[in-house]
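In what follows, residues are counted from 1 in the order of the sequence shown. Read the numbers this way: they start at 1 and go in the same order the structure lists the ligands and their atoms.
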Amino acid sequence: MPALKVPRREAEPVKRKLKKLGLYDGKRRPKREDDFVLLPVIEDERSYTLGYEVLPVELPFRPERQIYKNLESVLAERLSEDELKYLRRYDVIGDIAVIQIPPELEHRVEDIVFALRKVHPFLKVIARKGFHEGAFRIRDYSIIWGEKRLETVHRENGVEIKVDLSKAFFNPRMKGERYRLAQLVKDGERILIPFAGVLPYALVIARYRKVKITAVELNREAYELGLENIERNRRRLKGEIEFIHGDAFKVLPELPSYDRVISPTPRGVDALSLTLSKAERWLHYYDFVHENEIEAFRQRILEECQKLGRECSVRVKKVSDFKPHVFKVCADIELR
Ligand SMILES: C[S@@+](CC[C@H](N)C(=O)[O-])C[C@H]1O[C@@H](n2cnc3c(N)ncnc32)[C@H](O)[C@@H]1O
């Protein structure tokens, strides 16, 4: 497969350009070679016209894709093609794998455990995931193999995050979102994060930027894990995190406004006007929206801004599938 050989200092802008042109092959990992980076590109004539050497190299698949492929290929020996269609994506959080097993694969639990252990020999726990429940959005899990615990330390974006899936919400799939936001933030910003959980957003942003973050969380156990996470990452963090235990709807009205507010809003909670009223320049507001309602959601935000006497521009980005036709979205709102 082709890869563009680019001097290291040009790697980021060239990667952005390749993505814009639709030439970047996100399924494979770039590779550093001395003062150069090999950027994976798709087979396309345009890749050869950019002024960089194009080399034929075997760059490895990104782990999540490779992992999924491997699980499928291990199971292909044991499951029928029909059964394989029911196989869902799974997550590895620290040394715990969590997977949803639909009724159609109920009789295949042992095969799935076998395959997961084969693909990830380091696993200590395999849990079957149910649905998020209650105001604290804790998932219902049952352990189907391994040690009887749902506590682990997950590594992402250069930080360590202690989680306990039986006590607090955590979603490893938001890793890319956390990185995206950290890249948007500038040194010196004051940032507010209500609904902060065990602090994944705060830690990743403070890891990369010299900022002051105030985070708020209602679930006492998530709050305590968050405090532990600040200590655990102390020497890695450029920024500072103040963590408040309390109800965002009671705490926020007492707080000042901030350059940027990030609201990983729990499903079913409407915190738009609350969080908007605390944002001076930016609000990143997460919500769950039907694909036919995205424009109405955008209009609602514009109206809320108007009510506050603020001008704003809104860009709504689909972040992940939630259920058929419903997406988790992030509204990036710039206020003037
Ligand atoms: C969708 S989770 C996001 C957690 C975290 N930001 C993350 O991404 O892992 C929402 C969080 O809001 C918390 N929460 C729910 N209602 C709250 C409230 N009224 N005030 C503060 N936090 C609340 C829940 O306990 C949960 O940790």
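Atom 25 (O) of ligand 1 has its nearest heavy-atom neighbour, among Glu221, Glu217, Arg137, Arg220, in Glu217. The residue from Phe249, Phe195, Tyr201, Tyr223 that puts a heavy atom closest to atom 8 (O) of ligand 1 is Tyr201. The option from Pro264, Gly226, Ala271 that lies nearest to atom 1 (C) of ligand 1, judged by heavy atoms, is Pro264.
Checked against Tyr286 for a side chain to side chain donor-acceptor pair (under 3.5 Å), the options Lys328, Arg267, Glu177 give a single hit: Glu177.
Every atom of ligand 1 with a heavy atom of Asn219 under 4.0 Å away is listed here by number and element: 25 (O). For ligand 1, the atoms closer than 4.0 angstrom to any heavy atom of Ala196 are 5 (C), 6 (N). Every atom of ligand 1 with a heavy atom of Pro200 under 4.0 Å away is listed here by number and element: 7 (C), 8 (O), 9 (O).
Note on ring orientation: taking the six-membered ring where Trp is involved, the planes of His325 and His290 are parallel (angle under 30°, cut-offs 30° and 60°). Classification of the Phe122-His120 ring pair by plane angle, with boundaries at 30° and 60°, yields perpendicular.
Atom 19 (N) of ligand 1 has its closest protein heavy atom at Asp247 OD1, 2.9 Å. In this structure, the protein non-hydrogen atom closest to atom 22 (N) of ligand 1 is Leu218 N, 3.2 Å.
To the nearest 0.5 Å, atom CD1 of residue Ile262 and atom CD1 of residue Ile193 are 4.5 Å apart.
Heavy atoms of Ala135 approach ligand 1 to within less than 4.0 angstrom.
Atom CZ of Arg336 has more than 12 neighbouring heavy atoms from other residues, nucleotides or ligands inside a 6.0 Å radius.
Panel note: side chain Arg190, backbone Ser257; a donor-acceptor pair is recorded below 3.5 Å.
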